[in-house]
Amino acid sequence: MRYQRPRGTNDILPDETPLWNRVEETFRTLCKRYGYHEIRTPIFEDTDLFTRSMGEHTDVVSKEMYTFTDRGGRSVTLKPEGTAPVVRAYVENNLAAQGGLSKLYYITPIFRYERPQAGRYRQAHQLGVEAIGSQHPALDAEVIALAMHFYRQLGISRLSLVLNSVGCPVCRPTYRERLREFARPFVQELCEACQTRYELNPLRMLDCKREKCRALLHDAPDIIESLCEECRTHFDALRQYLDGLGIPYVVDKHLVRGFDYYTKTAFEIVSDALGAQNALGGGGRYDGLVEEIGGPPTPGIGFALGIERAIIVMKELGLAEAKREAVEAFVAALGEEATLPALKLLQALREAGISAETDYQRRSLKAQMKVADRLGCRVVLLLGEDELAQRTVTLRDMVTKEQRTVPLDTCIEEVLQTVRNA
Ligand SMILES: [Zn+2]
Ligand SMILES: [Zn+2]
């Protein structure tokens, strides 16, 4: 074969797209119900947007971005995540001026130069929401409730919601110091990445996946104990709301999330059906991000959920049944003379809202019936010499096996009745 898809990417074939559509439609329907409106932003942005918002020292920015110089000499980057572009659009288009809260949702591909493995792709797809304009913890509860509702709607059970607070610019520096102090005696034993994190971004040591680092950091000080008054009140209120909504969660002091812009609430949704890469998605609050990107100080919270990961879990749990939709009617034309009348009939059926197909390969009637059967057609309309001469059509009900001759002029009505009563 001369060409292959780029490493770490996927072709989503027609047998698979019904499942993708189901996932996306479920998300759209729920977003509408929760009052979120769709936003679409470009596939690429100025590189600075991501370096600035996610933080230079995060893995994504330092190792995984698809960054290139365009013909105008600008550095641009394929979006590695969905939040910064939405916040950039919020600021640039002054959505704040519309007053109140901006509740936005998106469905987007994201691009990261990752080592390909199960559930990780260089082009992956995410569903996300961003609620910008309120710091009330009730909004955190709504955002989390929406994410959990989404998975429930897809039938995915056995999920855990993992919750933490990562503090704010007031209390995080203190915690960072406590953490450094804790790790100082064994820095040399940590992995290379964690040694860098120790210097630049010590919180990230906490979510290192290496067994050795995990063991060393197991008894790291609890960030909750270092929270300032405001962060603590926020966290307590959120927990109360989740309890009240009947949404179970576990608090995990090691949950820090990847990017610098998170403040206060951080959460992940985890499935044991996903193995080691067990987060289906996650999110958190980013009260400093709008300002960082050049807008007025505005709090916000959001999440991003991986479509590929949801689909892996659905397959694992036997929830991935999604068939191609059946075609309702098949027009079988016999002989070259029937070609134009068949095309006209096909067009009339489609104009009437009926999905219809025909044979373009000049096959025998028997072969055409087989195709109609495979497509799941309820009705076959036969156009042969006799039918043409009498301006009729032979209508065969593929379920009852009944066959009758009807006038060509009124056959659409008959087809409609048959397929709509199915
Ligand atoms: Zn704080
Ligand atoms: Zn490590």
Side-chain angles (χ1 to χ4, degrees), residues 54-64 112 114-115 117 120 134-141 163-241 251-268 276-279 283-292 297-301:
M54 296 196 286
E56 285 176 72
H57 306 301
T58 52
D59 287 356
V60 172
V61 169
S62 60
K63 291 187 280 206
E64 295 172 357
R112 292 184 195 174
E114 299 210 61
R115 199 177 316 130
Q117 51 180 303
R120 296 225 172 212
S134 165
Q135 55 179 336
H136 201 289
L139 185 59
D140 306 36
L163 194 65
N164 196 15
S165 173
V166 293
C168 71
V170 173
C171 53
R172 195 155 42 201
T174 321
Y175 177 70
R176 212 176 270 152
E177 267 328 298
R178 281 186 65 197
L179 193 55
R180 274 208 189 97
E181 219 166 279
F182 171 81
R184 192 162 296 138
F186 53 80
V187 185
Q188 303 304 324
E189 295 169 60
L190 292 167
C191 73
E192 210 176 310
C194 280
Q195 293 191 25
T196 314
R197 289 171 187 144
Y198 174 85
E199 297 295 335
L200 302 170
N201 195 359
L203 263 73
R204 291 300 315 278
M205 297 188 299
L206 293 174
D207 71 351
C208 183
K209 298 284 179 264
R210 285 170 195 261
E211 212 44 63
K212 181 143 192 229
C213 299
R214 293 182 81 96
L216 285 165
L217 290 155
H218 185 265
D219 297 320
D222 192 337
I223 190 166
I224 304 293
E225 284 160 18
S226 300
L227 293 180
C228 65
E229 190 56 34
E230 191 190 311
C231 288
R232 178 184 299 276
T233 313
H234 187 96
F235 191 59
D236 289 344
L238 172 59
R239 294 182 58 168
Q240 227 176 54
Y241 300 148
V251 176
D252 179 357
K253 65 178 182 182
H254 287 267
L255 176 70
V256 292
R257 303 285 300 157
F259 308 138
D260 282 359
Y261 57 61
Y262 284 111
T263 53
K264 295 180 178 161
T265 309
F267 65 95
E268 267 183 8
Q277 302 293 338
N278 60 2
R285 188 162 267 289
Y286 43 79
D287 291 347
L289 184 58
V290 176
E291 197 177 5
E292 183 73 40
T298 314
I301 177 163

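Counting starts at 1 for both ligands and their atoms, in listed order.
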K.L.:
Is the backbone of A220 close enough, under 3.5 Å, to the side chain of K253 for a donor and an acceptor to pair up by distance?
P.N.:
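Indeed, once roles are kept as given, a pair shorter than 3.5 Å links the two residues.
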
K.L.:
Is a side-chain N or O of R197 found less than 3.5 angstrom from the main chain of L203, in a donor-acceptor match?
P.N.:
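A pair under 3.5 Å: no.
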
K.L.:
With respect to R204, which candidate in L206, D207, L200 satisfies the side chain to side chain contact (heavy atoms under 4.5 Å, CB included) definition?
P.N.:
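It is D207; the other options fail the test.
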
K.L.:
Where the side chain of N164 meets the backbone of T265, is there a donor-acceptor pair that is under 3.5 Å apart?
P.N.:
no

K.L.:
Angle at the Zn ion (ligand 2), SG of C208 to SG of C191, rounded to 10 degrees, please.
P.N.:
120°

K.L.:
If the Zn ion (ligand 1) is the vertex, what is the angle to SG of C228 and SG of C231, rounded to 10 degrees?
P.N.:
110°

K.L.:
If you have a sec, read the angle at the Zn ion (ligand 2) from C194 atom SG over to C213 atom SG, to 10 degrees.
P.N.:
110°

